[in-house]
Amino acid sequence: MWRRVASLSSTISSSSRSLSRNQVFFQAAFGLSIRESYATEISKPGEEGVLRPKEKAPFITFVLGGPGSGKGTQCEKIVETFGLTHLSAGDLLRREIAMHTQNGAMILNLIKDGKIVPSEVTVKLLQKELESSNSSKFLIDGFPRTEENRVAFERIVGADPDVVLFFDCPEEEMVKRVLNRNQGRVDDNITTMKKRLKIFEALNRPVIDYYKNKGKLYTINAIGTVDDIFKQVLPIFTPFEEQLKQSRHVNPKSPLVENSS
Ligand SMILES: Nc1ncnc2c1ncn2[C@@H]1O[C@H](COP(=O)(O)OP(=O)(O)O)[C@@H](O)[C@H]1O
Ligand SMILES: Nc1ccn([C@H]2C[C@H](O)[C@@H](COP(=O)(O)OP(=O)(O)O)O2)c(=O)n1
Ligand SMILES: [Mg+2]
C-alpha cells in the first residue's frame, strides 16, 4: 500500500521534493496529511460528492522497554505468529555504522556513549523502510525512545501507532541480560549500560506516560520465560484480528487465522 502511494507520487512537481513522497502525494492531491487521507472519504475538485474508497492506514505497533528487556526477542515471536514486518531502530542505526555512511561515525560515538541519535536521522531511516515495504503492518522496535523521537515521527511520517507495547523489566534483570547478550555490540558493557538505564528512565518514561494517557499502552511483565512473556503479548493483538488477518504475511498457524490446523 505504501508502494502504491510512492508510484503515484512521481507525478507530483519537483518543487515539492523536500516533503516525503507520501506527504507530497496526499498534500498535493487533496491537501491532507497521510493519516487524514487514509481515514477520510475524499473527493477531488470537480468530483464533489463522489465518494472515493477509503484508504487503509498502515497498522503500526511501537515496541518500548529498557535495554535488555526482551523487545527484540518478543518481536521475533510476534513476526512469526502475526506476520508483522519488524523494523528495529537500533538495527537500522547499526547498519549505518557498518556501511560507513555519512552519519555512521556520529551514530557509533553516540551509541558507544549510551546516548540517543538525533531523531531526524532515525526517523528518516524508518521512513525509508516504511515507504519501500510491501507490507502494511509494522512492528517498530526501540522507538520512540524520547518525546523528540515521537514528535519527529508524527511530523515526518505523519502516522500514529495503533498499539504500543511496553516490556517492563527490573534494572537488575536488564543488566544481567545485556551483559550476557554476546552479540558483539559496542554498547553491551556495564559502563554504557549504566548510562543507557539513566537515559531510559529520564527520556522514555514521558513517552510511556503519553501513550498511557492515550489508552494505547499495553504493559507486559517482562520477567519469566520467553514463552510466558509471549502469552501476555498474544491477547493484545486479538482486537486487531480483522486488520491483521488481511496481511499477506500472516503465518497460517497463527491463532488469528480461522480453522488453522
Ligand atoms: N525472557 C527472557 N529471559 C531471559 N533472557 C532473555 C529473555 N528474553 C530475552 N532474553 C535474552 O536477553 C538478551 C536481551 O534480549 P533482547 O531481546 O535483545 O532485548 P532488547 O531488544 O530489549 O534489548 C538476549 O540475549 C536474549 O536472548
Ligand atoms: N530510537 C532509537 C533507537 C536506538 N537508538 C540508539 C541508542 C541505543 O542505545 C542504541 C541501541 O538501540 P537498540 O534498540 O538496538 O537497543 P536494545 O535492543 O534496547 O538494547 O541505538 C537511538 O538513538 N534511537
Ligand atoms: Mg533490541
Side-chain angles (χ1 to χ4, degrees), residues 60-80 86-98 103-127 129-130 138-154 156-157 161 164-204 206-208 219-233:
I60 293 178
T61 299
F62 282 158
V63 185
L64 311 181
S69 58
K71 300 181 295 299
T73 305
Q74 293 297 320
C75 280
E76 272 182 36
K77 292 192 72 74
I78 297 168
V79 167
E80 217 175 85
H86 182 207
L87 301 179
S88 156
D91 285 351
L92 293 175
L93 293 167
R94 282 185 286 274
R95 191 171 73 187
E96 292 297 291
I97 298 171
N103 288 321
M106 176 266 291
I107 294 171
L108 174 62
N109 285 331
L110 290 169
I111 286 185
K112 258 196 212 158
D113 206 20
K115 293 192 174 129
I116 304 295
V117 172
S119 298
E120 185 99 353
V121 172
T122 312
V123 172
K124 291 263 165 74
L125 293 173
L126 287 171
Q127 184 189 31
E129 296 298 311
L130 289 165
F138 298 97
L139 204 48
I140 305 188
D141 166 9
F143 187 94
R145 272 193 150 89
T146 63
E147 275 289 279
E148 200 205 43
N149 266 186
R150 182 184 69 70
V151 172
F153 187 87
E154 239 176 65
I156 297 171
V157 178
V164 180
L165 303 178
F166 166 45
F167 290 95
D168 193 11
C169 194
E171 287 198 358
E172 209 180 83
E173 177 69 16
M174 292 195 276
V175 171
K176 207 166 78 188
R177 289 184 191 172
V178 160
L179 296 185
N180 285 317
R181 182 151 46 186
N182 251 337
Q183 291 175 357
R185 282 176 48 170
V186 291
D187 50 348
D188 282 354
N189 60 75
I190 190 65
T191 313
T192 309
M193 182 59 179
K194 280 184 178 164
K195 291 180 185 171
R196 293 190 69 195
L197 288 172
K198 271 196 189 148
I199 287 180
F200 170 73
E201 273 308 317
L203 302 182
N204 205 232
V207 179
I208 290 164
T219 301
I220 294 138
N221 172 10
I223 286 282
T225 67
V226 170
D227 285 342
D228 282 344
I229 295 164
F230 190 59
K231 277 186 196 145
Q232 296 176 65
V233 173

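In each ligand, atom 1 is the first atom listed, and ligand 1 is the first ligand listed.
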Is [X] close to ligand 1, meaning an N/O of one under 3.5 Å from an N/O of the other?
| X | answer |
| --- | --- |
| G224 | yes |
| T73 | yes |
| K71 | yes |

Q. Does ligand 1 have an atom that lies less than 4.0 angstrom from a heavy atom of G66?
A.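 Yes, that is the case, since the closest heavy atom of the residue is under 4.0 Å from the ligand.
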
(Q) Tell me whether S69 reaches ligand 1 (any heavy atom closer than 4.0 angstrom to a ligand atom). (A)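 Yes.
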
Using a 4.5 Å cut-off on heavy atoms from C-beta on, say whether the side chain of [Y] contacts that of [X].
| X | Y | result |
| --- | --- | --- |
| L126 | E129 | no |
| Q74 | V226 | yes |
| I140 | V63 | no |
| I78 | L165 | yes |

Show the atoms of ligand 2 that are less than 4.0 angstrom away from any heavy atom in [X].
| X | answer |
| --- | --- |
| R185 | 11 (C), 13 (P), 15 (O), 16 (O), 17 (P), 18 (O), 20 (O) |
| K115 | 7 (C) |
| D187 | 11 (C) |
| G142 | 1 (N), 2 (C), 3 (C) |
| R196 | 8 (C), 9 (O), 11 (C), 12 (O), 16 (O), 17 (P), 19 (O), 20 (O) |
| R181 | 18 (O), 20 (O) |
| G90 | 12 (O), 13 (P), 15 (O) |
| R94 | 11 (C), 15 (O) |

Would [X] count as a polar contact of ligand 2, with the cut-off being nitrogen or oxygen pairs under 3.5 Å?
| X | answer |
| --- | --- |
| V117 | yes |
| S88 | no |
| D141 | no |
| K71 | yes |

Q: Identify the protein heavy atom lying closest to atom 5 (N) of ligand 2, giving its residue, its atom name and the separation to 0.1 Å.
A: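 The protein heavy atom lying closest is L93 CD1, 3.4 Å.
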
Q: Among all protein heavy atoms, pick out the one at the shortest distance from atom 24 (N) of ligand 2; state its residue, atom name and that distance to 0.1 Å.
A: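 Here the nearest protein heavy atom works out to I116 CG2, 3.9 Å.
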
Q. Is I229 touching ligand 1 with its side chain, its backbone, both, or neither, if touching means heavy atoms under 4.0 Å apart?
A.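 For I229, only side-chain atoms sit under 4.0 Å from ligand 1.
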
**Q.** Nearest candidate to atom 21 (O) of ligand 1, where distance is taken over non-hydrogen atoms, out of C75, C169, G72
**A.**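 The nearest heavy atom belongs to G72.
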
Q. Can you tell which of R181, R177, K176 gets a heavy atom nearest to atom 18 (O) of ligand 1?
A.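 Ranked by closest heavy atom to atom 18 (O) of ligand 1, first place is R181.
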
(Q) Does this structure show an ion pair linking K195 with D113, if we count only N-O contacts that are shorter than 4.0 Å? (A)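 D113 and K195: salt-bridged.
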
Could you see which bit of [X] sits under 4.0 Å from ligand 2, with heavy atoms only: side chain, backbone, both or neither?
| X | value |
| --- | --- |
| K112 | neither |
| N149 | side chain |
| T146 | neither |

